[in-house]
Structures are given as structure tokens and as C-alpha cells.
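This report concerns only the one structure given below.
Computed over heavy atoms, backbone and side chain alike; hydrogens, waters and symmetry mates excluded. In what follows, residues are counted from 1 in the order of the sequence shown.
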Amino acid sequence: QVQLRESGGGLVQAGGSLRLSCAASVRTSSNARMGWFRQAPGKDRELLAAINQNGDSTYYADFVKGRFTISRDNAKNTMYLQMNSLKPEDTAVYYCAADGRLRWGLSTTKYDYWGQGTQVTVSS
């Protein structure tokens with residue numbers, strides 16, 4: 001069983017930045033994929049970015065390309081999401097996820113393990 005815990009959320013003004021962290025209870029190197037999702041009130045959960053086991057391949061949703069950067073440090077069992085140029089429409093609960101299955105590519109939304117989420121609020 002993998003436990004994930006997000007941190008780094010909060011309130012920020014439009015145009016500002018936040019860095020989210022996702023700490024895993026087991027070695028992150030054992031997870032083939034890790035990803036960041038978000039869910040705004042009344043909307044479906046959406047995939048933002050994903051990263052492969054070694055950290056040398058990434059996927060980004062079009063609407064975050066150029067603004068968000070995903071990374072992972074397997075030595076620290078932690079994944080990150082650097083978010084720049086934040087907009088009010090980025091307001092949501094942000095979740096990290098992990099999965100050890102190799103059958104799907106980085107754009108998949110299939111994940112076995114999920115964190116509890118961290119709130120990000122961007123004021124205008």
C-alpha cells in the first residue's frame with residue numbers, strides 16, 4: 001500500500017507561483033508513473049501532468065504547458081509540481097497519484113494510489 005501526502009497549497013494572487021510536493025510512504029522509484037490532477041467545484045477531475053519512473057519523460061495537459069513543471073526526486077521519495085503564472089481558473093483541489101503498472105502511457109488517468117489533496121486558491 002502506497003500512501004501519498006500533498007503539501008504546498010494555499011492562497012496566492014493571480015500571476016503568482018506555488019510549488020506543490022507529494023511525499024510517498026514507499027520508494028517512489030517503485031512507481032512507474034506519478035501524476036498531478038486537480039478538481040474544481042462542479043467539475044471533473046483532470047490530469048495536469050505526469051512523469052515516468054526515472055523522471056526523464058513527462059506529459060503535460062495543453063492548458064498547463066509552459067506554466068507548470070513536474071519533477072520527482074526518487075532519493076527523497078517526493079514528486080513536485082511547480083506552478084507559475086497562476087490564474088483564478090487554476091483554483092481547485094490538487095491531488096497527486098502513483099501507479100506501478102507499465103501498460104499505459106503517461107497521458108492515462110488510470111492510477112492506483114491517491115493523496116488526500118491540497119487546496120490551491122488563486123485570487124484575482
Side-chain angles (χ1 to χ4, degrees):
Q1 184 75 15
V2 178
Q3 294 182 329
L4 304 173
R5 176 171 293 183
E6 304 92 342
S7 62
L11 174 63
V12 64
Q13 289 187 332
S17 298
L18 282 175
R19 188 194 195 201
L20 304 184
S21 298
C22 173
S25 61
V26 297
R27 291 187 304 174
T28 54
S29 59
S30 65
N31 292 291
R33 282 176 289 109
M34 296 187 75
W36 287 99
F37 290 75
R38 73 184 181 190
Q39 187 167 22
K43 295 187 177 182
D44 293 333
R45 186 169 56 192
E46 56 187 358
L47 173 64
L48 306 177
I51 190 166
N52 70 342
Q53 184 176 15
N54 296 326
D56 57 3
S57 182
T58 57
Y59 164 84
Y60 293 96
D62 288 342
F63 54 87
V64 303
K65 282 181 180 177
R67 299 193 299 128
F68 292 7
T69 303
I70 190 172
S71 61
R72 65 193 291 172
D73 185 340
N74 288 339
K76 295 182 178 180
N77 298 333
T78 303
M79 177 180 65
Y80 305 96
L81 185 68
Q82 177 67 43
M83 305 187 294
N84 299 327
S85 302
L86 284 163
K87 306 173 183 179
E89 51 264 42
D90 293 318
T91 295
V93 177
Y94 283 67
Y95 299 90
C96 66
D99 194 283
R101 295 169 291 181
L102 297 173
R103 69 178 68 180
W104 294 294
L106 292 179
S107 62
T108 184
T109 58
K110 300 180 185 297
Y111 281 83
D112 273 342
Y113 305 107
W114 295 86
Q116 293 298 309
T118 185
Q119 176 71 45
V120 171
T121 303
V122 184
S123 64
S124 57

TODO: Check step by step if side-chain contact (heavy atoms from CB on, under 4.5 Å) holds for Tyr80 and Thr69.
DONE: CA-CA 8 Å; Tyr80 305 96; Thr69 303; over 6 Å; no
TODO: Quick one: pull up CG in Asn74 and CG in Asn54 and give me the separation to the nearest 0.5 Å.
DONE: 7.5 Å
Open item on the list: Are Met34 and Val26 linked, directly or through intermediate hydrophobic residues, by side-chain heavy-atom contacts shorter than 4.5 Å (ILVMFWY only)?
Closed with: yes
Task: Any Tyr94 side-chain heavy atom under 4.5 Å of Met83 side chain - done: yes
Open item on the list: What I'd like to find out is whether the side chain of Val120 reaches to under 4.5 Å of the side chain of Leu18, using heavy atoms alone.
Closed with: yes
Open item on the list: Can you confirm whether the side chains of Asn84 and Ser17 place a donor and an acceptor under 3.5 Å from each other?
Closed with: yes
TODO: Please confirm whether Arg38 makes a cation-pi placement over Tyr95, using NZ or CZ under 6.0 Å from the six-membered ring centre and within 45° of the ring normal.
DONE: no
- [ ] Determine yes or no for a side-chain-to-main-chain donor-acceptor pair under 3.5 angstrom, with Thr121 supplying the side chain and Leu11 the backbone.
- [x] no
Task: Contact check, side chains of Thr78 and Cys22, non-hydrogen atoms, under 4.5 Å - done: no
- [ ] Is it possible for you to say whether Phe37 and Tyr59 belong to one hydrophobic cluster, with membership spreading through side-chain heavy-atom contacts below 4.5 Å?
- [x] yes
Open item on the list: Would you say that more than 12 heavy atoms from the other residues, nucleotides or ligands in this model lie under 6.0 Å from the CD of Glu89, or not?
Closed with: yes
- [ ] Answer yes or no: is there an ion pair linking Asp62 with Lys65, defined by an N-O contact shorter than 4.0 Å?
- [x] yes
TODO: Output yes when a side-chain donor or acceptor of Thr91 lies under 3.5 Å from a complementary backbone atom of Pro88, and no otherwise.
DONE: yes
Task: Arg33 NZ/CZ over Tyr111 ring centroid, <6.0 Å and within 45° of normal - done: yes
- [ ] Output the distance between atom OG1 (Thr108) and atom CZ (Arg103), rounded to the nearest 0.5 Å.
- [x] 10.5 Å
Open item on the list: Minimum heavy-atom separation for Asn52 and Asp56, please, with both atom names.
Closed with: ND2-OD1, 2.6 Å
Task: Minimum side-chain heavy-atom gap Trp104-Thr109 below 4.5 Å - done: no
Open item on the list: To the closest 0.5 Å, what do you measure between NZ (Lys87) and OG (Ser124)?
Closed with: 14.0 Å
TODO: Using a cut-off of 6.0 Å, state whether more than 12 heavy atoms not belonging to Gln119 lie near its atom CD.
DONE: yes
Open item on the list: Keeping Glu6 on the side-chain end and Cys96 on the backbone end, is there a donor-acceptor pair under 3.5 Å?
Closed with: yes
Open item on the list: Can you give me the closest heavy-atom contact between Ala49 and Leu81, atom names plus distance?
Closed with: CB-CD1, 4.4 Å
Task: Main-chain N/O of Ser85 paired with Arg67 side-chain donor or acceptor, under 3.5 Å - done: yes
- [ ] For residues Leu4 and Tyr113, report the shortest heavy-atom separation together with the two atoms involved.
- [x] CD1-O, 3.6 Å
Task: Approximate separation, where rounding is to 0.5 Å, of Tyr60 OH and Ile51 CD1 - done: 7.0 Å
Task: Cationic N near anionic O, under 4.0 Å, Lys110 to Asp99 - done: no
Task: Met79 side chain reached by Ser21 side chain, heavy atoms, under 4.5 Å - done: no
Open item on the list: Measuring centre to centre across the rings, with the benzene-like ring taken for any Trp, is Phe68 within less than 6.0 Å of Trp36?
Closed with: no
Open item on the list: Side-chain heavy atoms nearer than 4.5 Å, only ILVMFWY residues, links allowed to pass through others: does that put Leu106 and Leu47 together?
Closed with: yes
